[in-house]
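Okay, so here's the structure we're looking at.
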Amino acid sequence: MKKPTRISLAKQITTEIESQIESGRWPVGSKIPPESHLAEQFGVSRNTMREALQSLTQSGVLASKPGDGTYVMTAGKFEANMYTRLEKAETKEIAEARLFLEKDLAILAAKNRNETDIEKIALALKKRNEKKETLEEEAKSDIEFHVEIAKAAHNSVMYELYCYMSNYIYELILEKMYQDLEQDLPDLEKLHQDLFLAIKKQDPIEAEKVASCINHF
């Protein structure tokens with residue numbers, strides 16, 4: 001039998017800081033208080049606080065900017081680990097993961113959506129289909145449409161996974177848009193409209209079919 005081990009004070013502080021970040025007190029992109037202030041706030045020495053902050057920096061949750069301060073980069077170690085893994089993934093792997101995620105999210109959205117979800121997806125679809133000045137704007141509005149579908153699936157794990165991947169999917173979409181400037185594309189506007197209608201009608205089979213077609217354009 002293993003002897004129980006005590007969690008070090010620095011690890012306890014690390015966990016508490018992560019909780020503060022996850023609660024929204026220090027959202028992603030925000031600057032956290034200086035080390036001395038945090039040490040006083042948590043009632044620990046500066047050395048203990050420094051160790052906790054270094055641990056979170058090494059894991060990618062925080063980033064220190066010399067002469068400026070320390071900023072929140074991700075909502076927690078899981079998110080940081082996801083981004084680290086995605087950074088190492090090949091484009092083909094991202095595309096395959098996107099296909100399976102978007103198909104399954106479409107199925108779940110068709111089964112689980114409520115009227116509020118339909119209103120939000122409809123607004124995102126309208127925004128997506130509006131004429132944009134740049135391809136970057138088009139790709140961004142496309143992702144926002146699919147994020148609303150992910151929300152409508154009402155599966156928090158899959159929604160978070162999709163959100164973690166959204167920046168990488170955005171890059172895929174944008175790259176494809178640039179590649180196909182001189183080519184004839186299928187009517188993607190109609191395909192996205194069809195996906196919305198399948199979800200609205202609560203037709204998971206049709207929703208999966210259309211989501212697959214969108215991914216193969």
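These figures come from a predicted structure and were not determined experimentally.
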So do the side chains of [X] and [Y] get within less than 4.5 Å of each other, counting heavy atoms only?
{"X": "L101", "Y": "M158", "value": "yes"}
{"X": "M165", "Y": "L172", "value": "no"}
{"X": "R98", "Y": "I173", "value": "yes"}
{"X": "V147", "Y": "Y159", "value": "yes"}

Heavy-atom pair of closest approach, residues [X] and [Y]:
{"X": "R113", "Y": "I118", "value": "CG-CD1, 3.5 Å"}
{"X": "A52", "Y": "I13", "value": "CB-CG2, 3.8 Å"}
{"X": "F196", "Y": "I121", "value": "CD1-CG2, 3.5 Å"}
{"X": "A89", "Y": "I94", "value": "CB-CD1, 3.9 Å"}

Once rounded to the nearest 0.5 Å, what's the spacing between atom [atom1] of [X] and atom [atom2] of [Y]?
{"X": "E102", "Y": "N215", "atom1": "CD", "atom2": "CG", "answer": "4.5 Å"}
{"X": "D194", "Y": "E189", "atom1": "CG", "atom2": "CD", "answer": "11.0 Å"}
{"X": "C213", "Y": "H192", "atom1": "SG", "atom2": "NE2", "answer": "11.5 Å"}
{"X": "K151", "Y": "T116", "atom1": "NZ", "atom2": "OG1", "answer": "12.0 Å"}
{"X": "E160", "Y": "N155", "atom1": "CD", "atom2": "CG", "answer": "9.5 Å"}

Please tabulate, for the side chains in residues 57-66, all donor-acceptor contacts under 3.5 angstrom to protein atoms that are two or more places apart in sequence or on a different chain.
| from | atom 1 | to | atom 2 | distance (Å) |
| --- | --- | --- | --- | --- |
| T57 | OG1 | L53 | O | 2.8 |
| S59 | OG | S55 | O | 3.3 |
| S59 | OG | L56 | O | 3.1 |

**Request:** Measure from the side-chain N and O atoms of D117 to the backbone N and O of N114, and report whether any donor-acceptor pair falls under 3.5 Å.
**Result:**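 Yes, the answer is positive, given that a donor and an acceptor are paired below the 3.5 Å cut-off.
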**Message:** With a 3.5 Å distance limit and no angle check, can you tell me whether K31 reaches the backbone of D68 through a side-chain donor-acceptor pair?
**Reply:**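 Looks like yes, one N/O pair under 3.5 Å.
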**Message:** Looking at E133, I'd like to know if its CD atom is crowded, meaning that more than 12 non-hydrogen atoms belonging to other residues, nucleotides or ligands lie closer than 6.0 Å.
**Reply:**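 Incorrect, the count does not exceed 12.
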**Message:** Are more than 12 heavy atoms, taken from residues, nucleotides or ligands other than K132, located less than 6.0 Å from that residue's NZ atom?
**Reply:**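 Counting neighbours around NZ of K132, more than 12 heavy atoms of other residues, nucleotides or ligands fall under 6.0 Å, so yes.
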**Request:** For the pair E144 and R128, evaluate salt bridge (charged side-chain N to carboxylate O under 4.0 Å, His left out) and give the outcome as yes or no after the intermediate values.
**Result:** CA-CA 8 Å; E144 289 171 350; R128 183 208 172 276; over 6 Å; no
**Asked** Can you list the steps and then say if E138 with D142 is a side chain to side chain contact (heavy atoms under 4.5 Å, CB included)?
**Response** CA-CA 6 Å; E138 287 188 25; D142 189 282; over 6 Å; no
N/O donor to acceptor pairs below 3.5 angstrom from side-chain atoms of residues 199-210, sequence neighbours left out:
| from | atom 1 | to | atom 2 | distance (Å) |
| --- | --- | --- | --- | --- |
| D203 | OD1 | I205 | N | 3.3 |
| D203 | OD1 | E206 | N | 3.1 |

**Request:** Answer yes when K88 and E90 have at least one side-chain N-carboxylate O distance shorter than 4.0 Å, and no when they do not.
**Result:**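 Judged by the 4.0 Å cut-off on N to carboxylate O distance, K88 and E90 do not form a salt bridge.
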**Message:** Over 60° means perpendicular and under 30° means parallel, so tell me whether H146 and Y162 are parallel, tilted or perpendicular.
**Reply:**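 Tilted: the ring planes of H146 and Y162 meet at 30° to 60°.
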**Message:** Testing the 3.5 Å rule here: is there a donor-acceptor pair between the side chains of Y170 and E136?
**Reply:**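 No donor-acceptor contact under 3.5 Å links the two side chains.
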**Message:** Going by side-chain contact (heavy atoms from CB on, under 4.5 Å), name the residues that satisfy it together with N167, two or more places apart in sequence or in a different chain.
**Reply:**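 Partners of N167 by the side-chain contact (heavy atoms from CB on, under 4.5 Å) criterion come out as none, since no residue qualifies.
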**Request:** Kindly indicate, with the supporting measurements, whether the criterion side chain to side chain contact (heavy atoms under 4.5 Å, CB included) is fulfilled by T70 and E35.
**Result:** CA-CA 9 Å; T70 301; E35 177 188 293; over 6 Å; no
**Hydrophobic cluster membership, L197 vs F145, 4.5 Å side-chain cutoff** =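 Linked, L197 and F145 end up in one cluster.
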